[in-house]
Amino acid sequence: KLTDIFPTDEALKRWAAGLFDGEGSITIQPRSRYGLYTSIVNSAQVIIDIFEARWKGSRNTFMHAGTSKTGGYIAQRDVEQLTFTRKDREILLQDLYPFLVAKKKQAALALEYIETVRELRKMRPGQRMTAPELAFRKNACEEMKALNHGERLQVEVKPKPKPRTLQLL
């Protein structure tokens with residue numbers, strides 16, 4: 001039971017946001033008609049179990065071969081991936097958004113994307129994408145790619161004050 005681990009729902013969301021910042025992924029894939037994909041990958045099954053218990057998703061296990069920073073082979077190990085689709089993805093992003101740091105802009109773009117696509121589909125249910133909708137999706141894809149690959153988190157570091165020395169008279 002999640003309540004045995006996390007005393008409040010907010011505590012769970014804060015913990016999950018921290019993990020998602022480091023291990024999660026938010027992408028818009030051009031090869032799938034600009035579909036939005038959200039997932040988390042981890043080798044610790046218990047972490048994926050917690051995400052799955054709270055936000056559902058579709059689970060997949062695969063082998064991952066790691067490499068060291070020097071390019072040397074480390075080992076193969078099973079890795080768990082949980083992919084969130086449609087409603088599960090939207091709930092996950094809404095829940096984690098207030099607590100995200102590194103992926104906050106990606107989550108904001110994804111939530112805007114979900115809402116805009118939903119509104120466009122309501123206007124033209126079951127019909128092909130219009131040129132403006134395709135342009136919107138392409139632009140969102142490029143913006144997400146830029147956020148995922150180009151932008152680095154800027155943290156203001158204040159210099160430590162120099163220690164004062166006592167002068168003896």
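Predicted model only: the values in this text are computed from it and were never measured.
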- Quick one: closest heavy-atom pair of Q106 and N148, and the distance? NE2-OD1, 3.0 Å
- Message: On a heavy-atom basis, which atom in L100 and which in A17 lie closest, and how many Å separate them?
- Response: CD2-O, 3.6 Å
- Exam field: side chain K105 to backbone L147, donor-acceptor pair closer than 3.5 Å: no
- Query: So, do V79 and N42 sit near enough that their side-chain heavy atoms are less than 4.5 Å apart?
  - Reply: no
- Message: I'd like to know if E10 pairs up with R14 as an ion pair, taking the criterion as any Lys NZ or Arg NE/NH1/NH2 lying under 4.0 Å from an Asp or Glu carboxylate oxygen.
- Response: yes
- Query: Same cluster for I114 and I40 if Ile/Leu/Val/Met/Phe/Trp/Tyr side chains link at under 4.5 Å?
  - Reply: yes
Table please: side-chain donor-acceptor pairs of residues 123-134 below 3.5 Å, with sequence neighbours left out.
from: R124; atom 1: NH1; to: Q127; atom 2: OE1; distance (Å): 3.3
from: R124; atom 1: NH2; to: Q127; atom 2: OE1; distance (Å): 3.1
from: T130; atom 1: OG1; to: E133; atom 2: N; distance (Å): 3.3
from: E133; atom 1: OE1; to: R121; atom 2: NH2; distance (Å): 2.5
from: E133; atom 1: OE2; to: R121; atom 2: NE; distance (Å): 3.3
from: E133; atom 1: OE2; to: R121; atom 2: NH2; distance (Å): 3.3
from: E133; atom 1: OE2; to: R137; atom 2: NE; distance (Å): 3.2
from: E133; atom 1: OE2; to: R137; atom 2: NH2; distance (Å): 3.0

- Quick note, salt bridge (charged side-chain N to carboxylate O under 4.0 Å, His left out) partners involving residues 27-48, not counting sequence neighbours, are none
- Heavy-atom side-chain proximity of N60 to T83 below 4.5 angstrom: no
- Item | side-chain contact (heavy atoms from CB on, under 4.5 Å) against P98, all qualifying residues, sequence neighbours excluded | none
- Residue pairs passing the salt bridge (charged side-chain N to carboxylate O under 4.0 Å, His left out) test where at least one lies in residues 90-101, sequence neighbours excluded: K13-D95, R54-D95, E90-R118
- Message: To the nearest 0.5 Å, what is the distance between OH on Y34 and NZ on K138?
- Response: 4.5 Å
- Got a sec, which pairs hit salt bridge (charged side-chain N to carboxylate O under 4.0 Å, His left out) with one end in residues 40-50, sequence neighbours left out? D49-R59
- Query: How far does CG of L36 sit from CG of L111, to the nearest 0.5 angstrom?
  - Reply: 9.0 Å
- Residue list, side-chain contact (heavy atoms from CB on, under 4.5 Å) with A16, at least two apart or on another chain: F51, W55, L96
- Query: Sequence neighbours excluded, which residues qualify as side chain to side chain donor-acceptor pair (under 3.5 Å) partners of Y37?
  - Reply: S32
- Query: Can you name the residues that form a side-chain contact (heavy atoms from CB on, under 4.5 Å) with S43, not counting sequence neighbours?
  - Reply: R77
- Item | Non-hydrogen atoms of D88 and F84 that approach each other most closely | C-CB, 4.3 Å
- Considering all heavy atoms, the nearest S39-F20 contact: O-CE1, 3.5 Å
- Query: So which heavy atom on A110 is nearest to which on I26, and how close?
  - Reply: CB-CG2, 3.8 Å
- Note on the structure: side chain to side chain donor-acceptor pair (under 3.5 Å) pairs touching residues 19-28, sequence neighbours excluded, are T27-Q29
- Query: Excluding sequence neighbours, so at least two apart, what forms side-chain contact (heavy atoms from CB on, under 4.5 Å) with K145?
  - Reply: E142, H149
- Within-4.5 Å side-chain heavy-atom neighbours: F6 and I50: yes
- Message: If hydrophobic clusters are built by linking Ile, Leu, Val, Met, Phe, Trp and Tyr wherever their side-chain heavy atoms come under 4.5 Å apart, do V46 and V41 end up in the same one?
- Response: no
- Does NZ in K56 sit with more than 12 non-hydrogen atoms of other residues, nucleotides or ligands closer than 6.0 Å? no
- Message: With clusters defined by side-chain heavy atoms of hydrophobic residues (ILVMFWY) lying less than 4.5 Å apart, directly or transitively, does I5 cluster with L92?
- Response: yes
- Name all residues meeting the side chain to side chain donor-acceptor pair (under 3.5 Å) criterion together with T61; count only those two or more places apart in sequence or in a different chain, and write none if there are none. E80
- Message: My understanding is that only residues two or more places apart in sequence, or in another chain, count here; which of them pass ring pair (Phe, Tyr, Trp, His ring centres under 6.0 Å) with Y113?
- Response: F136
- Separation between CZ (R89) and OG1 (T38), nearest 0.5 Å, reads 5.5 Å
